[in-house]
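Quick note: numbers below take in every heavy atom, side chains included, and nothing from hydrogens, waters or symmetry partners. So that the names make sense, note that chain A is the first sequence line, chain B the second, and so on, each numbered from 1.
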Amino acid sequence: MDWENVPYILKKELEKNFSFLTYIFLTPIILIYILITYYQVIRGDYYYNIAEQNRLRAYTINAPRGNIYDINGKTLADNRPSINILYYPIKQTNKQEITNLLSILPKSKEKLFFAVKSQKIVPLVEDVNRELFFKLLSMKHRIPNIFISTEFKRRYVEKENFAHVIGYIGELNYSEYLTLKSKGYNYNDLVGKAGIEKSYEEYLRGRHGALLMEVDAKGVHTKIIKNIMPTPGENIYLTIDRDLQATARNALAALGKNGTVVGLDPRNGAIRILVSYKDFDPNIFISFSKEERKKILQDKNLPLFNRAIQGIYPPGSTFKILTSIAALNENKVSYDTKYFCPGGFKFGEKIFKCWEKKGHGNIDFFNAIRLSCNVFFINLGLRVGIDNIEKYGRMFNFDDTTGVDLPSEVRNILPSKRWKKEKFKIDWYEGDTASVSIGQGYVSVTPIQMALFASVVANKGTIYQPYVVEKIISNKGDILYQHTPVKKGYIKLNDGVWEFIHKAMMEVVNSGTGSAAYIPKFKIAGKTGTAQNPHGIDHAWFICFGPIKENETPELALAIVVEHGGKGGSVAAPIAREIFTAFINKTTQTKIEVKTTQTAEEYGD
Amino acid sequence: MEINKIILLKQKKEENIIKKLLISSNWRLIITSFILSFVGIVMIWSATFSTGRLTFVQKQLIALIIGILLLIIFSIINYQLFQPYFWQLYTFCILLLIFVLIVGTTYRGTRAWIDLKFFTFQPSEIVKIIFILFLAGYFDTKWTKYPKLSEIFIPMGFFTLIFILLILQPDFSAIVVYLPIIFSIFYFVGVDKKMLFYTILFGTLTTGLFITKVYLSLNEYSLMPKILQFFYSSLTGFNLQWLIVIFILILISYFIWWILRKLLFTVTLTSLIITLTVIFISYSLVVVSHKIIKPYQQKRIVAFLNPYFDPSGAGYQVIQTKIAIGSGKILGKGLFNSTQGKLGFVPEKHTDFIFSLLAEEFGFVGSTIVVFLYFILILEGINIMKTARDTYGSIIACGITSMFAFYFLMNLGMCLGLLPVVGLPLPFVSYGGSNLISSYLAIGLLNSIHIRKFMY
């Protein structure tokens, strides 16, 4: 009926219903609108990001790692291309294509069927060999859904020779990943684990590129959004000479005993040789062969251990040079000083035996060095006192590390009164001085320290910071870093001291305990050492430098240790000869056959 | 003389009729629906862009033209013509629904469509509007006295018949829209509020218990606390637990009734008994619900309750549509530039989730405009309801307005992740010829009511 005719009371009732219904209809609309505002305005960015995550997929394009070269530019570590074959069903798959593929790659049947069924990218073959690769290439037009992706795998060209210097790369462990994540590392990246690969990781790694793709709800790629090319890593040139390194390594390997050779250039601190044996082939860490890796890890010879900078040994008689320098410079003795050697030195209950059982008799300084007489030097050491030995030890860096740019170097142990009191809570005994003066007892050194010592003696007092990286060059050819020699210190000695030491050490090689290192027409100065150790046979030591020419600094200083090798003169010195032979051949472009004129069997030390 | 005057007057009337129609039509209403339809076509184009064909757009345009025609026709026709024929209208509804069950084609599991070569037509959309006309006509005759108890059962009975016919298709989304129509008309017309209370109590209790039951069934029975185990058992069978729960509920209800009486609220014993009966029926219904509700529908409810339970499956739509809407931010990503929609993360973007697509492509600006348009539409509907010439018009307007409000709220609720996916369209915007046509029919009726305020 017309509203006009509705009874008043009923009309009032019904009008109340109007307002109620109005609210019922309109209020939810307002609430909905508030919710829309919340989602779009307040949380808009949040949802936008999720939408982007839904539709974007980022794929890392790995950067090729920087190469490592020796001083002459010979490749030591580079990258070899590794090709993976992927199947990506973008275009329609026909039976012919599948048959073609299966005829070349019969083993990939399962993966292929999965790819077709699920419409997803599937790798069919990883690190395909050349023959297979070219076969596939030649058929490419008949297998349109094949996708070739190139990766780079690290290759250590020199294999064992540079194992410890260069190190190797491996997967990130969890704590490394947490630290490096912010620098742009992905969880499955490879990072340097040892050696140069580790200490120069920042230069070698390059920067990843990225491929940003859009995907739809089924995961099918629709288009490329961004393609960022990777930045290749920078190339590192080492100071090491590949040929000298190989010679040193082979010499050690031929002996079949563990040991190390460190070669320094006394003119600037450049490391020319750094070998540690037992070693390993770092390529094993790239090829992911679990059995091989296990073998290395379980090898009792500890091949992963870098004896050159981590090994710590009593220096034995090589330390006598330091004792000599201390004594001479402090004017505790003169060049003419003589002591009597009866074949041993009795100190309280203990007898320090000399190498010459019958004793050297009355022996002077010069010959004491030449023949490495223990008794002489014990007398000398007691005369000089541990405080002086410590003082000169500090000067020559025996209380520190060398600071070479390789990871995990170990510190030498230079004993002193205070050191002993702090460590063992007992006082220093004179007997300790006696041991230390002949390089036994508490004193312990790394082979690189002895090489440094040899080079300081060689250049008469300048301590150059040992370094292993000569220069770093970017992929485009820019020189990013060029090392200049760093003087760590200079030791001024009284007039004549250096000359005396040089002469005496030359005679060691000419006619003394180190004569196995003698090379005709080539002057080498050296000192043998035979370090007694509680674990068995003595370690064989030999430090040396050469060539010795008028007014010229020697170019090469060596420190050689053969673990449980026996006598330094008979085992370590010949290695020095081999190395210097190679050195001469290199520098003079001649080939010399060297016959030993004297073996030093009779001379122990 | 008298007859000549009448003839002249009639002629004048005919000339002026068209003018008057144009002047006195509710242009706000009509233009709002036009703009929404236009928005709809643009969004459908964007949604179906990847198919590379314009078939959807074309079909929607055709339906739009038909709709506009119906709008004009029903504006011209005086709605009051239908008033005395409400029984016939009802019969027509029933016959049409039976017709569909016999000769209709099945699509997506429901036999709800009549295939007419060029397009398929869904009769339940028309039945909806005609049922409003029926209800309005029916209640208008009862206007002289307050409708009483019996009055609600009879119209409910009429609806039940339609309900059954729709269930046989089965088309739940068609059924569900009747509820707001019926309740708003009942409320408006002055049906006993207590009856409404009982019905709503029944509805919410049944739905609530059902959802609880489904939710509990998700969890591992043995890991539930004892109370929940007990409760769950009471919902799954006519067992001891069920008896105990009913008994407890009887006690609680009695207690509340007793307190209310002490506080001097007049609550009769009859009310108590009826309330208890309602609770009993509701609870029992839930126990046997698993026989009525199909597994895929149960899954949908599960997905709604916990979209992350199965994020790649049924819960997927709930999450993705929210992301689509939010990611539009303020200005949107631009036409055709949706990512959630275009790349397939949001499904059904030309129908159910068209608002999500719009929100993603046109941002907060776009969604504000659309919400605003619907707000105007509803407001106009309420206005027409209030200012109609007669009560018959008011009831029709009430039904139609509640229908539009319901569709809008349900669809947006679904897009915003508030409701499970119920398959209700957004009027004028969603793709769907039958829905578009019936919406314009409804607008035409509203307009007719509006015009007749001034004309006679």
Side-chain angles (χ1 to χ4, degrees), chain A residues 1-7 9-57 119 212-223 225, chain B residues 140 143-144 146 180 184 187-190 316 319-320 322-330 332-333 338-340 342-347 359-360 363-364 367-368 371-372 374-375 378-379 381-382 385-394 398 401-402 404-406 408-409 412-413 416-418:
Chain A
M1 66 175 80
D2 278 12
W3 276 107
E4 305 163 334
N5 301 334
V6 173
I9 308 165
L10 184 59
K11 206 196 246 186
K12 275 289 164 203
E13 273 288 322
L14 294 171
E15 271 168 16
K16 261 197 261 170
N17 296 342
F18 279 139
S19 352
F20 180 76
L21 285 171
T22 314
Y23 289 128
I24 291 275
F25 291 152
L26 292 181
T27 316
I29 299 183
I30 295 176
L31 292 174
I32 290 258
Y33 187 62
I34 292 175
L35 200 59
I36 292 178
T37 318
Y38 174 70
Y39 282 148
Q40 291 197 302
V41 178
I42 298 177
R43 296 264 273 162
D45 291 319
Y46 168 74
Y47 284 108
Y48 184 80
N49 285 334
I50 299 185
E52 288 291 275
Q53 279 172 37
N54 270 347
R55 75 161 184 134
L56 295 176
R57 292 285 177 273
Q119 290 281 302
L212 203 60
M213 299 218 58
E214 184 184 79
V215 289
D216 71 6
K218 292 186 204 156
V220 177
H221 291 159
T222 52
K223 63 181 178 204
I225 308 236
Chain B
D140 200 51
W143 224 216
T144 46
Y146 273 82
S184 53
Y187 184 86
F188 174 64
V189 143
Y316 184 72
I319 307 171
Q320 294 300 328
K322 243 194 261 189
I323 296 173
I325 293 177
S327 71
K329 296 209 288 185
I330 296 188
K333 297 179 186 169
S338 66
T339 60
Q340 290 287 96
K342 194 164 66 167
L343 297 170
F345 294 100
V346 176
E360 190 182 359
F364 185 65
S367 18
T368 306
V371 173
F372 179 68
Y374 275 103
F375 192 78
I378 305 296
L379 213 55
I382 293 173
M385 179 174 78
K386 279 190 189 169
T387 59
R389 190 195 195 89
D390 58 2
T391 49
Y392 179 62
S394 291
C398 176
T401 312
S402 61
F404 280 129
F406 179 74
F408 173 73
L409 291 170
L412 250 68
L416 288 167
L418 296 171

| task | Please name the pair of heavy atoms, one in B:Ile378 and one in A:Phe25, separated by the smallest distance, quoted to 0.1 Å. | result | CG2-CB, 3.9 Å
| Considering residues, nucleotides and ligands other than B:Phe372, do more than 12 of their heavy atoms fall under 6.0 Å from its CZ? | no
| field | Distance, nearest 0.5 Å, that separates CG of B:Leu416 from CD of A:Gln40 | value | 8.5 Å
| field | Nearest-0.5 Å distance that lies between atom OH in B:Tyr374 and atom CD1 in A:Ile29 | value | 10.5 Å
| B:Phe404 portion near chain A, given a 4.5 angstrom heavy-atom threshold | neither
| task | Starting at CG of A:Leu21, measure out to OG1 of B:Thr401 and round the result to the nearest 0.5 Å. | result | 9.5 Å
| Looking only at atom types and distance, does a side-chain atom of A:Asn17 sit under 3.5 Å from a main-chain N or O of B:Val189, one as donor and one as acceptor? | no
| note | So OG1 of B:Thr339 and CG of A:Asp216: to nearest 0.5 Å the spacing works out to 11.5 Å
| Checking heavy atoms, do the side chain of A:Phe20, its backbone, both or neither come under 4.5 Å from chain B? | side chain
| note | The interface call for B:Lys333 against chain A, heavy-atom contacts under 4.5 Å, is side chain
| task | Select one option (side chain, backbone, both, neither) describing which atoms of B:Ile323 are under 4.5 Å from chain A's heavy atoms. | result | both
| query | Got a sec, which pairs hit side-chain hydrogen bond (donor to acceptor under 3.5 Å, both in side chains) with one end in residues 21-32 of chain A, sequence neighbours left out? | reply | none
| note | Rounding to 0.5 Å, atoms CZ (A:Phe18) and OG1 (B:Thr387) come to a distance of 8.5 Å
| said: So, taking the atom named CD in B:Glu360 and the one named OH in A:Tyr48, what distance separates them when rounded to the nearest 0.5 Å? | reply: 9.5 Å
| said: Could you walk me through whether B:Leu418 and A:Leu35 satisfy the side chain to side chain contact (heavy atoms under 4.5 Å, CB included) test, starting with their C-alpha distance in whole Å, then the side-chain angles of each, then the deciding distance to 0.1 Å, before giving a yes or no? | reply: CA-CA 10 Å; B:Leu418 296 171; A:Leu35 200 59; 3.6 Å; yes
| Region of B:Ala359 that comes under 4.5 Å of a non-hydrogen atom in chain A | both
| Which region of A:Asp45, side chain (C-beta onward) or backbone (N, CA, C, O), has a non-hydrogen atom less than 4.5 Å from a non-hydrogen atom of chain B, or is it both or neither? | both
| field | Contacts of type ring-ring contact (aromatic ring centres under 6.0 Å, His included), residue B:Phe364, not counting sequence neighbours | value | A:Tyr33
| request: Looking only at non-hydrogen atoms, find the nearest pair between B:Gly413 and A:Ile32 and report the distance. | output: N-CD1, 4.1 Å
| Most heavy-atom pairs under 4.5 angstrom with chain A, which of B:Leu379, B:Leu412, B:Ile330, B:Ile325? | B:Ile325
